[in-house]
Amino acid sequence: MNQKKIKKTKVERLPNIVYILADDLGYGDLSSLNPKSGIKTPNMDKVVKEGIHFTDAHSNSSVCTPTRYGILTGRYAWRSVLKKGVLGGYDEPLIENNRATVASYLSDNGYHTACIGKWHLGLGWELKNPERPIVKTWELNSEEDSNVDFSQPINGGPKELGFDYSYIIPASLDMSPYLYLENDKAVTLPTARTAGKGSERGVFWRAGEMAPNFDFHKVLPTISEKAVDYIEGRSNSKSPFFLYFPLTAPHTPWLPDMKLKGVSEAGKYGDFVSQVDGVVGEILSALEESGQADNTLLIITSDNGAHWTPEDKEKYAHRANFIYRGQKADIYEGGHHIPYIARWPGKISAGSNSNQVLCTTDLMATVSGVINRPLPVGAGEDSYNMLPAYLGTASDQQIRDYTIHHAANGFFSIRKGKWKLTPHLGSGGFSVPVEFIPENDQILGTLYDMENDPQEITNLYGERADVVEVLMNLLEQAKK
């Protein structure tokens, strides 16, 4: 009896996804993106050379907590209860417990998921005394008790939001409590305290509760080692993985390894960025040595612009935010125009770039495009599938209809095409003036042509009332 040979169809394995989120890294810090950078970043430059960089990428907020919300949910954080600023280390979870995240979506589609690094999205701490609240001040004096029972597991953290494994610190490295949490439990209880530090530019952290063995200098190396171990540990698995790796640097405190002292022309900050680049190198090596590089989509970006002040600019020639106006927290480009680079061998053309306007909220819809499976109903409402831009198949038209930016104090701006409208005057962040009311009542905001004026010098608000009206209406519709 003749038997027909059954032709087997090769099933392409879904790619691993590694998302490295630097903390306060500026577009101008990368030597491949800024020819005049005072910092050498060979590992990130390698990713640019072997992959793609987006010339017009933006964080959805100019500060960290809301950006992290946007990355994981595909939703602008101003739609949440957080309308301005950031959370502290003792605040409640920001992401709603019934909301789909990138992690839960990928987990539901066969991925193993991990979060290693800085969380800063709020945690559900258990109380020592249920009769009194948690002390939520950002800085605890030597006699204050936060009323947190650190011996109990947290809730509302990575596990509840779709991560199979987590190793995190609660918030920024300059915010207490200072401890590691592994899979929702304290690694070491914070039975000690730190008096804080703040006498030198960039070398700063607040007073508060701390694990006895917590060493600020070793946090970046510790989470890097955990990330490398995770990648290597997944090498023999049949299922793909998603690693969300939010770094603690180069955010304050600037604590570069002593062997890197003076390697940059931007002081301790520049040396710390060099250490961040070294961490990227460790991840690249782990992927390559474990045989997983060719089937991994690697994305590297930042949660907002660099905190590079006018005083820093006077002291150093380095421009952390490149040509862009302002700095971290601002509504100006320097607050949210970020480096965004990616590598996916065989899929992304080496040495390519894209001028598509991209927002950090776009991760959710983009990974949906990567694995070609629909998002849950109602998920990622502010997320766009940017995969065609990654792959170089996008048309000349912008994929995003418009993009909304948000400053630390709650200022909005909206970008559509080449136009950027801000219905306020001032930075809304760290740059002076933060806000002011004009003498001329007709000039109530700013309108910039971002194609011809990326440095936001010439305000066309009073000359293009037609554009202002269209963008104001669009912004109000989006906010509703």
Side-chain angles (χ1 to χ4, degrees), residues 27 33 52-62 67 70 74-76 78-79 301 304-305 321-326 330-340 352-366 369 380-407 411-425 427-428 442-480:
Y27 187 99
L33 305 185
I52 188 171
H53 78 275
F54 286 81
T55 62
D56 210 349
H58 301 263
S59 53
N60 54 279
S61 172
S62 296
T67 291
R75 186 175 190 247
Y76 291 127
W78 46 265
R79 298 195 192 279
T301 187
N304 43 250
N321 293 312
F322 195 42
I323 63 171
Y324 303 117
R325 182 180 181 182
D330 293 352
I331 202 64
Y332 305 133
E333 289 290 289
H336 53 80
H337 195 134
I338 52 172
Y340 196 102
S352 58
N353 65 74
S354 174
N355 63 1
Q356 285 281 336
V357 176
L358 178 148
C359 182
T360 44
T361 57
D362 294 335
L363 179 64
M364 177 169 266
T366 300
E381 62 205 75
D382 299 307
S383 193
Y384 287 72
N385 179 8
M386 302 301 294
L387 184 60
Y390 284 69
L391 303 182
T393 60
S395 69
D396 292 336
Q397 297 295 315
Q398 289 289 335
I399 295 173
R400 287 189 138 265
D401 181 31
Y402 60 87
T403 304
I404 295 177
H405 310 304
H406 206 226
F411 275 8
F412 284 94
S413 70
I414 184 168
R415 169 82 180 274
K416 182 175 175 61
K418 70 176 184 177
W419 296 108
K420 178 183 177 183
L421 169 73
T422 305
H424 313 275
L425 292 174
S427 73
Q442 292 182 340
I443 305 298
L444 301 175
T446 61
L447 179 70
Y448 294 111
D449 177 347
M450 300 309 297
E451 285 184 6
N452 300 301
D453 184 21
Q455 294 173 283
E456 297 173 289
I457 296 171
T458 305
N459 184 5
L460 301 175
Y461 187 96
E463 299 175 27
R464 294 300 305 268
D466 56 330
V467 177
V468 170
E469 182 180 8
V470 169
L471 293 184
M472 277 298 297
N473 289 337
L474 188 58
L475 177 60
E476 290 307 312
Q477 289 172 17
K479 285 161 65 176
K480 290 178 182 177

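It should be emphasised that the depicted structure is a prediction, and the values quoted were computed from it without experimental measurement. In this chain, residues are counted from 1 in sequence order.
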Roughly how far, to the nearest 0.5 Å, is CD1 of Ile338 from CG of Leu358?
-> 7.5 Å
Can you measure from NE2 (His336) to CD1 (Ile331) and round to the nearest 0.5 angstrom?
-> 5.0 Å
Which is it for Asn385 and Tyr390 under the side-chain contact (heavy atoms from CB on, under 4.5 Å) test, yes or no, and what are the steps along the way?
-> CA-CA 10 Å; Asn385 179 8; Tyr390 284 69; over 6 Å; no
Rounded to the nearest 0.5 Å, how far does CE of Met450 lie from NZ of Lys418?
-> 12.0 Å
Is there a donor-acceptor pair closer than 3.5 Å between any side-chain N or O of Thr55 and the backbone N or O of Ser354?
-> yes
Indicate yes or no: at least one non-hydrogen side-chain atom of Asn353 is less than 4.5 angstrom from one of Phe54.
-> no
Any idea how Phe322 and Tyr27 line up, ring-wise: parallel (<30°), tilted (30 to 60°), or perpendicular (>60°)?
-> tilted
Sidechain-backbone polar pair: Ser62 side chain, Asp330 backbone, donor-acceptor under 3.5 Å | yes
Measure the acute angle between the ring planes of His406 and Trp78, then classify it against the limits of 30° and 60° as parallel, tilted or perpendicular.
-> tilted
Can you name the one residue among Asn304, Thr361, Ile404, Thr67 that meets side-chain contact (heavy atoms from CB on, under 4.5 Å) with Ser61?
-> Thr67
Taking atom CD of Glu381 as the centre, does the number of heavy atoms from other residues, nucleotides or ligands within less than 6.0 Å exceed 12?
-> yes
Exercise: identify the closest heavy-atom pair between Gly335 and Ser59 = O-OG, 4.1 Å
Would Asp362 and Arg400 pass as an ion pair if we require N to O under 4.0 Å?
-> yes
Begin with the C-alpha distance, continue with both residues' side-chain angles, and end with the deciding distance and a verdict on side-chain contact (heavy atoms from CB on, under 4.5 Å) for Phe412 and Thr422.
-> CA-CA 6 Å; Phe412 284 94; Thr422 305; over 6 Å; no
Closest contact, heavy atoms only, Leu447 versus Arg464 = CD2-CB, 3.7 Å
Under 4.5 Å between any side-chain heavy atoms of Pro454 and Glu333, yes or no?
-> no
So do the side chains of His53 and Leu33 get within less than 4.5 Å of each other, counting heavy atoms only?
-> yes
What one should report as the nearest heavy-atom pair of Leu471 and Lys416 is CD2-CB, 3.7 Å
Work out which heavy atom in Gly334 is nearest to a heavy atom in Asn321; give both atom names and the distance.
-> O-OD1, 3.5 Å
Arg79 to Lys479 - nearest heavy-atom pair and separation | NH1-O, 4.2 Å
Side-chain heavy-atom pair Tyr384, Asp401 within 4.5 angstrom cut-off | yes
Check: Ile457 main-chain N/O paired with Asp453 side-chain donor or acceptor under 3.5 Å | yes
How long is the span from the OG atom in Ser413 to the OH atom in Tyr332, to the nearest 0.5 Å?
-> 11.0 Å
Closest approach of Ile399 and Gln356, non-hydrogen atoms and distance?
-> N-OE1, 2.8 Å
Would a 4.5 Å heavy-atom cut-off, applied to side chains only, mark Arg415 and Lys420 as touching?
-> yes
Take Val468 and Leu421 through the side-chain contact (heavy atoms from CB on, under 4.5 Å) test and state the conclusion after the steps.
-> CA-CA 7 Å; Val468 170; Leu421 169 73; 4.2 Å; yes
Less than 4.5 Å apart, any side-chain heavy atom of Tyr448 and any of Leu460?
-> no
Test item: Asp56 and Tyr340 side chains (from C-beta on) under 4.5 Å apart, heavy atoms = no
Without hydrogens or angle criteria, can the side chains of Thr360 and Asn60 be said to hold a donor-acceptor pair below 3.5 Å?
-> yes
Quick one: does Leu475's side chain get under 4.5 Å of Tyr402's, heavy atoms only?
-> no
State the CD-OG1 distance between Gln398 and Thr403, to the nearest 0.5 angstrom.
-> 8.0 Å
What do the steps show when you test Thr446 against Glu456 for side-chain contact (heavy atoms from CB on, under 4.5 Å), and what is the final call?
-> CA-CA 9 Å; Thr446 61; Glu456 297 173 289; 5.9 Å; no
